[in-house]
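Notes follow once the structure below has been shown.
Below, read A as the first sequence line, B as the second, and so on, with proteins coming before strands; counting in each chain starts at 1.
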Number of protein chains: 2
Amino acid sequence: MAEPTIIDRFREAGLKATPQRLAIYRALARMKDHPSPDALFRAVRGAMPSLSLGTVYKTLDALEGAGLVEEVSRLGETKRYDANLAPHDHLVCTVCRRIADIHVDKRSVKPADLEVEGFEVLEMHVQLFGVCRDCRKKR
Amino acid sequence: MAEPTIIDRFREAGLKATPQRLAIYRALARMKDHPSPDALFRAVRGAMPSLSLGTVYKTLDALEGAGLVEEVSRLGETKRYDANLAPHDHLVCTVCRRIADIHVDKRSVKPADLEVEGFEVLEMHVQLFGVCRDCRKKR
DNA sequence: ATAGATGCAAACTATTTGCATTCAA
DNA sequence: TTGAATGCAAATAGTTTGCATCTAT
């Protein structure tokens, strides 16, 4: 059996395969720099001048809801601050949005001054996503 | 010699030690859930009813600039999307804001279903921050 | 034919900015 | 005394919503 096409995957998810959605999805799949809604809008608008930014937002929501795309940051809509300056990592409760500090031993993950394909890595942060004790109780 | 007080650290950074700043900094240091500017505003306002939300924003900017506090997410101000559904990690250029995919071997970091103090961990994401090749060239 | 999608505009939320007043040094 | 900080209000950026129209099925 053949791989399901994007159109098949849209339909399986109950989404109509409109030209706008296909263009937005294809542009996102092609762009490897994890574009913002606006960057995607600008990328697609050339070939589809009637496209509106609102449709890009709605499409990304629909695709995310269908599990076809992901948002890179899962930290929510507002800035979050930390007075702890020691290197550390974060435990994020996806239910109540609380963020706790945690320390992950990263020595085994990378040498101190790792370079990845010309990329100079200065810091490594680990985020653990899940459900905190309080929110688990409330299930 | 004694530890520098918060007031000392403010002054070293060229920041006046105003009651608002002290209250905001102390609330942030006390709250372990990494509050948003608005949460901090609500926490401090009780003891200082004249405080304005604008001052909280300005104070956080000033403290961050002085290296006294950090913002938890370094991914910038807008949403970023990804069509790559395979588990993977991210390389973030702090100069041009480009985000690239990378795969970090996390087997050594945690067992598959790690629990941290009652926290049910569902996913682990690693973010490497640094400077990409293009931006390094431009230095 | 019709439920769902689009495009436009208005609304909303988070954040930033401008400026007159106040205050820490 | 004085430059920096505050508080208020207006401005901006990003995102969401409402709704009339259109279109994929």
Side-chain angles (χ1 to χ4, degrees), chain A residues 5-28 34-42 44-66 68-69 71-81 97, chain B residues 5-28 34-42 44-66 68-69 71-81 97:
Chain A
T5 64
I6 302 160
I7 294 181
D8 292 335
R9 295 168 70 200
F10 280 12
R11 291 188 181 145
E12 278 163 35
L15 300 175
K16 289 185 179 175
T18 65
Q20 289 89 338
R21 275 185 187 153
L22 290 168
I24 291 165
Y25 180 85
R26 288 186 176 125
L28 178 58
H34 304 69
S36 63
D38 191 63
L40 226 22
F41 172 60
R42 284 181 274 108
V44 175
R45 191 174 36 175
M48 186 177 277
S50 68
L51 183 70
S52 73
L53 180 56
T55 294
V56 175
Y57 275 102
K58 285 170 183 164
T59 295
L60 290 169
D61 277 357
L63 296 181
E64 188 180 14
L68 296 172
V69 310
E71 210 210 312
V72 175
S73 172
R74 313 289 184 73
L75 259 32
E77 47 308 296
T78 180
K79 292 184 172 185
R80 304 289 291 266
Y81 285 90
R97 305 266 107 201
Chain B
T5 63
I6 302 160
I7 293 180
D8 293 335
R9 295 168 70 199
F10 280 12
R11 290 187 182 146
E12 278 164 34
L15 300 175
K16 289 185 180 175
T18 65
Q20 289 88 339
R21 276 187 186 152
L22 290 168
I24 291 165
Y25 179 86
R26 288 186 176 125
L28 178 58
H34 305 69
S36 63
D38 191 64
L40 225 23
F41 173 60
R42 285 182 272 107
V44 176
R45 190 174 38 174
M48 186 176 278
S50 69
L51 183 70
S52 74
L53 180 57
T55 293
V56 176
Y57 276 101
K58 286 170 183 165
T59 295
L60 291 169
D61 276 357
L63 296 180
E64 189 180 14
L68 295 172
V69 309
E71 211 211 312
V72 175
S73 172
R74 313 289 186 71
L75 260 31
E77 48 308 296
T78 179
K79 293 184 173 186
R80 304 289 292 266
Y81 287 89
R97 307 265 108 202

Under 3.5 Å donor-acceptor pair, A:Lys58 side-chain atoms to C:dG7 base atoms: yes
Interatomic distance, [X] [atom1] vs [N] [atom2] [rounded to whole Å]:
X	N	atom1	atom2	result
B:Glu77	C:dT16	CD	P	9 Å
A:Arg45	C:dG7	CZ	P	12 Å
A:Leu75	C:dA14	CG	C1'	15 Å
A:Lys79	D:dG14	NZ	C1'	13 Å
A:Asp61	D:dG18	CG	P	14 Å
A:Asp8	D:dT25	CG	P	11 Å
A:Ile24	C:dG7	CD1	C1'	12 Å
A:Arg21	D:dT23	CZ	P	15 Å

Minimum heavy-atom distance between [X] and [Y], given as atom pair plus value:
X	Y	value
A:Leu22	A:Ala17	CD1-O, 4.1 Å
A:Ser52	A:Phe41	C-CE1, 3.6 Å
B:Leu40	B:Pro35	CD1-CG, 3.7 Å

Nearest to side-chain heavy atoms of [X], which nucleotide of [options]:
X	options	answer
B:Thr55	C:dT6, D:dT6, D:dT15	D:dT6
B:Leu53	D:dT15, C:dT15, D:dA24	C:dT15
B:Ser52	D:dA5, C:dC8, D:dC8	D:dC8
B:Pro37	C:dT15, D:dG14, C:dT16	C:dT15
A:Lys16	C:dT15, D:dT16, D:dT23	D:dT23
A:Leu51	C:dT6, C:dG7, D:dA24	C:dG7
B:Arg11	C:dA25, D:dT25, C:dT6	C:dA25

Nearest-nucleotide comparison on DNA chain D, the residue closer to the 5′ end among A:Leu15 and B:Gly14: B:Gly14
Residue met sooner reading DNA chain D from 5', once A:Thr18 and B:Met48 are mapped to nucleotides: B:Met48
CG-CG distance between B:Leu28 and B:Leu63, expressed to the nearest 0.5 angstrom: 8.0 Å
Any side-chain N or O of [X] under 4.0 Å from OP1/OP2 of [N]?
X	N	result
B:Tyr57	C:dT15	yes
B:Gln20	D:dG7	yes
B:Ser50	D:dG7	yes
B:Thr78	D:dA13	no

Identified side-chain contact (heavy atoms from CB on, under 4.5 Å) counterpart of B:Thr55 within the set B:Arg21, B:Met48, B:Gln20: B:Gln20
Sugar-phosphate only, base, or nothing, as touched by A:Ala17 at under 4.0 Å among non-hydrogen atoms: sugar-phosphate
5'-most by nearest nucleotide on DNA chain C - B:Asp38 or B:Pro19: B:Asp38
Residue pair A:Val72, B:Leu75: steps toward the side chain to side chain contact (heavy atoms under 4.5 Å, CB included) verdict: CA-CA 9 Å; A:Val72 175; B:Leu75 260 31; 3.8 Å; yes
